Amino acid sequence: MGAICTRHCKFCDVTSGKPLPLDPEEPEHVAQSIAELGIHYAVITSVDRDDLPDFGAGHFAEVIRQVRRHCPDVGIEVLTPDFQVDREAIFHVLDAQPDVFAHNLETVERLTSQIRDRRASFQDSLAALRIASEHPGDIPVKTGIMVGLGETDEEIQKTMKLAREAGVVSITIGQYLAPSGHHLPVVRYVTPEQFEQYEEYAKSIGYEYVASGPLVRSSYRAEELARQHTLSSNKRDREL
């Protein structure tokens with residue numbers, strides 16, 4: 001949906017401003033690129049598009065449909081904006097049947113207003129995840145958070161718990177690294193041992209898949225989630 005974001009988050013190096021109109025041929029071009037590159041699992045993401053009536057949900061859905069048409073065996077994960085917590089928009093994307101729906105909380109609630117754009121709230125992101133988890137398609141919902149921005153370990157645990165209660169089954173936790181000297185500075189570098197403790201806690205409260213480490217990012221080993229969710233679903237089916 002272009003290279004210009006309608007929001008300006010202080011951790012992000014993406015250009016913000018007034019975006020260009022959507023390219024109606026982009027969904028097919030994305031699908032053709034995935035086919036030509038021989039990709040077997042694709043993570044599809046975008047800038048925020050608050051300027052669009054549906055916030056870009058229809059465009060996401062069309063990308064999914066075109067990928068299914070050109071390469072039906074490819075796994076599809078979408079990492080989306082919050083769509084201003086519009087249930088219809090969120091369901092529009094999910095109705096196109098991605099294999100995973102992801103939206104990042106980014107940070108703990110206390111730091112959200114300092115780190116993210118004023119139009120992005122912790123509660124809105126949490127609500128978007130909850131709405132996605134309510135879709136009848138049994139599509140796994142995923143989120144990601146950064147650490148090292150001034151949060152406490154207790155706040156990280158609380159964030160993981162709130163996301164899990166909202167229906168999230170997968171979470172990534174990684175170290176924040178400032179893109180430039182003009183962005184928010186790193187407050188602390190979390191130790192590998194602490195990342196292991198985050199992972200242990202997340203698994204103890206019911207997450208199916210956890211990726212926690214200094215270099216972990218939103219799409220880190222993303223295909224493993226889809227595989228893990230399938231195994232968990234098959235196990236539940238057998239138990240029933």
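Since we're looking at a predicted model, the values are computed, not measured. The analysis underlying the following values was restricted to heavy atoms, covering all of them including side chains, and did not include hydrogens, waters or symmetry mates.
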Exercise. With a 4.5 Å heavy-atom cut-off, do Q97 and R65 have their side chains touching?
Worked result: no

Problem set entry | Side-chain heavy atoms of V108 within contact of K158, under 4.5 Å | no

For this session: Decide yes or no for I115 and E106: does some side-chain heavy atom of the first lie under 4.5 Å from some side-chain heavy atom of the second?
Result: no

Problem set entry | Residue pair S219 / Y41, side-chain heavy-atom distance below 4.5 Å | no

Problem set entry | E199/K203 ion pair, N-O < 4.0 Å | yes

Exercise. Given the rule in the salt bridge (charged side-chain N to carboxylate O under 4.0 Å, His left out) test, do D50 and R7 qualify, once you have shown the distances and angles that lead to the verdict?
Worked result: CA-CA 8 Å; D50 299 293; R7 300 187 185 182; 2.9 Å; yes

Seminar exercise, completed: Contacts of E200 meeting side-chain contact (heavy atoms from CB on, under 4.5 Å) (sequence neighbours excluded), chain-then-number -> none

Exercise. Under the salt bridge (charged side-chain N to carboxylate O under 4.0 Å, His left out) criterion, do K142 and E208 qualify, and how do the steps go?
Worked result: CA-CA 10 Å; K142 175 180 177 181; E208 293 179 6; over 6 Å; no

Problem set entry | Salt-bridge present (D153, R188; N to O < 4.0 Å) | yes

Seminar exercise, completed: Y176 meets the side-chain contact (heavy atoms from CB on, under 4.5 Å) criterion, sequence neighbours left out, with F11, M146, L149, A178, P179, H183, L184, V186

Exercise. With the threshold set at 4.0 Å, does a side-chain nitrogen-carboxylate oxygen contact exist between R87 and E134?
Worked result: yes

Exercise. Would a 4.5 Å heavy-atom cut-off, applied to side chains only, mark D95 and H135 as touching?
Worked result: yes

Exercise. Do the charged groups of R69 and E28 touch, with an N to O distance under 4.0 Å?
Worked result: yes

